[in-house]
Amino acid sequence: MNSLQIDSSLTLLPVIHGSASYAVAVRRYLLEHRFDCIGIPLPASFRSAVLAGVEQLPIASAAVQLLPTFDGDKGQDEEYEGGDGDEYEEGDGEEDAEKQLELVPTSKVATYVPIDPCQAVIAAIRFGIMDRTSLAFIGHESNVFEQEPSSVPDPFALGQTTIERFCAACLPGIPAPISPQRIDRFAFMAQRILELKAKYSNVVALCDLQDWPWLRDEITKERLDPSRRVFEATESLESALNYAVDPRTLLFLMGELPFITGLYEKARQTLDDDTSIVVDGIKELLVSTRQSYLADLGNRARKITPMLLSQCLKFIRNQTLLDRRFTPSFYTIARSSQQVLGDQYTTHLVEAAKNYPFDEPLAWPMLRMGIDQAYLPTEGVVRMVNLLPGSPSTWHSLELNRPPLKADKRKWKTRWNPYQQCSWPEEDTRIESFRNRVVERAQAMIGADLARTEKFTTSMMDGLDLRETLRHWYDGSLYVKVAPPSVSTLDATVMLFENEPDPQEYSWRATWFAEHEEESTLAFYSTPFQKEMLGPGVAVSTYGGAMFLFPPRVIEDIWEDERLDFAVTLEQRLVAAACLHSQCRHIAVLSWSSPGLALKKIAKIFKKSLVHVPLSHFSDSTVLQLRTFHVLNGQHVRSYAAHFIRKA
């Protein structure tokens with residue numbers, strides 16, 4: 001007989017609610033042992049609704065029972081609801097659910113059971129239905145459900161030990177009950193369990209881990225003294241009703257993230273290993289987010305390499321250990337992602353985490369969940385009490401810029417003034433600094449052929465020449481490099497970020513003039529900014545190529561200059577414009593591959609020389625950030641544009 005058995009025919013199985021790891025452990029325990037009755041710690045008034053909801057799994061739902069309201073509290077409801085609940089009308093498909101779920105004071109109270117696949121009690125009910133085992137609802141009917149807050153251990157350890165050892169290890173930390181209502185509930189459940197024991201030959205009863213030792217003690221007392229007075233149940237309440245749940249608010253219903261719950265359900269259907277589904281699901285979440293992130297941002301997306309994902313997972317692990325947990329919270333995952341991978345990726349991660357693949361419509365009324373409350377179609381805002389509460393949750397705020405709605409994008413696009421366009425100053429400074437680096441690299445390449453090596457005398461000159469020194473190792477002499485000062489100047493720089501760019505993709509072409517002496521005259525081709533509106537007067541585009549003239553000067557728009565009409569491609573026109581307007585002999589060309597024969601012929605026509613600077617000499621993340629730039633509809637937009645601009 002193990003620690004969970006009271007005798008050979010009665011087992012008391014403690015559970016932790018809202019945990020996928022514990023749901024797996026309970027299912028395996030029921031598979032390993034044979035029982036002819038399973039006691040469910042829920043009131044009998046929930047039986048029909050819970051069984052109907054379980055039959056609809058894996059589609060999540062809720063069984064809700066509205067509790068009686070005292071007459072003295074009705075005025076408060078009317079003050080906040082406004083009678084017909086117009087504030088909570090159903091919005092369009094893109095309307096934020098959270099906007100409709102602000103905390104509203106209300107005196108209406110309802111108890112509910114989340115029909116969640118990751119609930120251990122729901123897993124036991126599913127097992128009983130499939131195994132044709134009798135199900136008995138042994139919970140206590142009450143107008144008020146009291147649950148004393150307490151912390152429970154992380155069920156992740158169940159992957160390395162048995163459920164008996166886990167519960168025995170938790171036993172010293174379980175506090176004694178204080179609430180009289182809980183003590184009465186133990187007495188009622190003990191009576192019901194003993195009634196089942198007299199009727200069935202082998203019974204297993206589920207209970208909350210916090211109730212386990214005290215319910216076991218009550219059963220023992222009842223067995224020793226059957227004549228003890230037992231707390232009688234209150235008058236029967238109305239039966240619970242079934243409600244479908246708005247898919248956008250499943251995060252407030254489920255014990256695990258909806259994405260993790262979906263993986264758990266898929267593994268259950270395909271008979272895959274689901275022992276470590278919570279931890280492996282985090283990796284799957286990061287990879288799935290990367291796919292949606294790349295699909296949404298395209299060329300503007302930051303490269304999410306395996307090394308970056310590994311750093312993010314390490315960040316999540318360290319923060320989780322600091323929180324004294326084994327499995328990370330949703331806030332820890334999102335904050336770690338924001339620190340390592342940026343706001344844009346984290347926004348997609350939050351949306352992916354809320355995605356539950358099994359969201360088919362049900363024939364029941366739909367409720368919208370919130371933090372400890374919900375909006376019911378017939379009752380308005382109701383305070384919700386979970387009969388299967390998991391570990392206490394702490395809600396945090398995380399500042400993220402959410403993607404704008406399509407309706408807002410259309411409105412901003414129609415209000416755009418085509419005669420007012422300017423850049424974002426921070427990006428101007430960044431790309432000018434990068435241009436200086438390219439010019440310095442090109443000047444170094446021009447003077448590289450004139451460098452020489454000489455024997456060390458009194459000065460190290462431009463550094464030690466290791467190759468020549470090792471070559472003369474036999475005489476012990478040192479040789480140093482002598483690089484003559486560069487006499488060449490560069491006033492034109494061409495950056496080609498893609499080989500053979502598609503003219504239809506990079507259909508926006510413009511020439512911008514400098515606002516001050518520290519900026520260059522800029523001509524570029526890029527993606528049309530009208531397709532990516534971020535805010536009122538704020539849009540984003542991606543460079544395909546650009547030409548810089550520094551010091552700045554006034555030139556004719558290169559895209560309308562008839563002198564450049566001989567150029568066939570976008571790249572050729574940029575190089576031709578640089579050769580036409582440059583006052584120096586050399587032109588710096590930054591690209592992935594060296595300039596082709598066509599570009600060299602153009603340079604020869606203007607008696608110029610192209611100096612190639614490989615784009616591979618710079619990091620991909622740096623190049624990606626430089627390619628993405630924001631277009632503002634006038635200088636006045638700069639006063640608030642920072643609210644809408646986020647790095648990829």
Side-chain angles (χ1 to χ4, degrees), residues 11 13 15 17-20 22-24 26-27 29-31 34-67 110-142 145 185 188-189 192-193 195-196 199-200 202-208 233 236-245 250 253-255 261 264-265 268-269 356 358-367 369 374 376 384-390:
T11 301
L13 181 61
V15 299
H17 303 302
S19 169
Y22 216 101
V24 172
V26 168
R27 189 184 67 202
Y29 187 87
L30 296 177
L31 285 171
R34 188 65 182 175
F35 300 101
D36 51 8
C37 181
I38 302 176
I40 306 300
L42 294 174
S45 58
F46 278 86
R47 179 183 180 90
S48 59
V50 169
L51 294 180
V54 171
E55 290 290 346
Q56 299 297 326
L57 286 174
I59 305 174
S61 60
V64 181
Q65 183 182 68
L66 193 65
L67 300 181
T111 56
Y112 75 102
V113 174
I115 311 300
D116 175 8
C118 289
Q119 286 281 358
V121 172
I122 300 301
I125 295 175
R126 294 180 81 178
F127 175 84
I129 293 175
M130 297 181 63
D131 196 52
R132 297 180 181 273
T133 303
S134 298
L135 299 174
F137 284 65
I138 59 175
H140 176 238
E141 299 279 3
S142 176
F145 179 80
R185 187 162 72 239
F188 179 83
M189 292 180 64
R192 291 285 292 121
I193 291 173
E195 291 174 359
L196 295 177
K199 184 177 179 181
Y200 297 96
N202 198 359
V203 177
V204 59
L206 277 64
C207 68
D208 194 304
S236 179
L237 301 175
E238 295 183 2
S239 298
L241 302 177
N242 291 103
Y243 285 88
V245 182
L250 285 176
L253 177 82
M254 294 181 169
T261 306
Y264 167 81
E265 191 60 32
R268 182 180 182 275
Q269 294 178 358
Y356 185 62
F358 308 98
D359 58 351
E360 299 177 8
L362 296 174
W364 301 323
M366 180 176 291
L367 63 81
M369 288 295 300
L376 303 182
M384 304 291 281
V385 179
N386 192 352
L387 295 185
L388 302 178

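For the numbers below, each heavy atom of this structure counts, side chains included, while hydrogens, waters and symmetry mates do not. All figures in this text were calculated on a predicted structure; none of them were measured in a lab.
- With rounding to the nearest 0.5 angstrom, the CG atom of L196 is 6.5 Å from the CD1 atom of I138.
- In this structure, F127 and I38 have side chains that are in contact, with non-hydrogen atoms separated by less than 4.5 Å.
- When all heavy atoms are compared, the tightest approach of P43 to F137 is O-CD2, 3.7 Å.
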> Given the rule in the side chain to side chain contact (heavy atoms under 4.5 Å, CB included) test, do D359 and L250 qualify, once you have shown the distances and angles that lead to the verdict?
Replying inline: CA-CA 10 Å; D359 58 351; L250 285 176; 5.7 Å; no
> What's the verdict on side chain to side chain contact (heavy atoms under 4.5 Å, CB included) for E55 and I129, showing C-alpha distance, side-chain angles and the deciding distance?
Replying inline: CA-CA 9 Å; E55 290 290 346; I129 293 175; 3.6 Å; yes
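- Side-chain contact between L388 and L42 is present, with at least one heavy-atom pair separated by less than 4.5 Å.
- With hydrogens and angles disregarded, a donor-acceptor distance shorter than 3.5 Å links the side chain of D116 to the backbone of G255.
- Between the CE atom of M130 and the CD1 atom of I125 there is a distance of 14.0 Å, given to the nearest 0.5 Å.
- Taking every heavy atom of both residues into account, S61 and Y243 meet most closely at CB-O, 3.3 Å.
- Taking every heavy atom of both residues into account, G53 and W364 meet most closely at CA-CH2, 3.9 Å.
- Taking CG of L57 as the start and CD1 of I115 as the end, the distance is 7.0 Å to the nearest 0.5 Å.
- Looking at D36 and K199, no side-chain N of the basic residue comes within less than 4.0 Å of a carboxylate O on the acidic one, giving no salt bridge.
- From F35, atom CZ reaches atom OG1 of T11 across 4.0 Å, with rounding to the nearest 0.5 Å.
- Side-chain contact between V245 and L367 is present, with heavy atoms from C-beta onward closer than 4.5 Å.
- At least one side-chain heavy atom of F46 sits less than 4.5 Å from a side-chain heavy atom of T111.
- The shortest non-hydrogen separation linking A23 to P117 is CB-O, 4.3 Å.
- Atom CD of Q269 has more than 12 heavy atoms from other residues, nucleotides or ligands within 6.0 Å.
- V121 approaches P41 most closely through the heavy-atom pair CG2-CG, 4.1 Å.
- A44 pairs by the side chain to side chain contact (heavy atoms under 4.5 Å, CB included) definition with E141, not counting sequence neighbours.
- At a cut-off of 3.5 Å, with distance as the only test, a side-chain donor of Q65 or S45 sits close to an acceptor on the other residue.
- Looking at R34, its side chain never comes within 3.5 Å of a backbone N or O of N202 through a donor-acceptor pair.
- To the nearest 0.5 Å, atoms CG (N386) and CD (Q119) are separated by 6.5 Å.
- For the residue pair V26 and A120, the shortest heavy atom distance occurs at CG2-CB, 3.9 Å.
- To the nearest 0.5 Å, the span separating CG on L13 from CG on L30 amounts to 6.5 Å.
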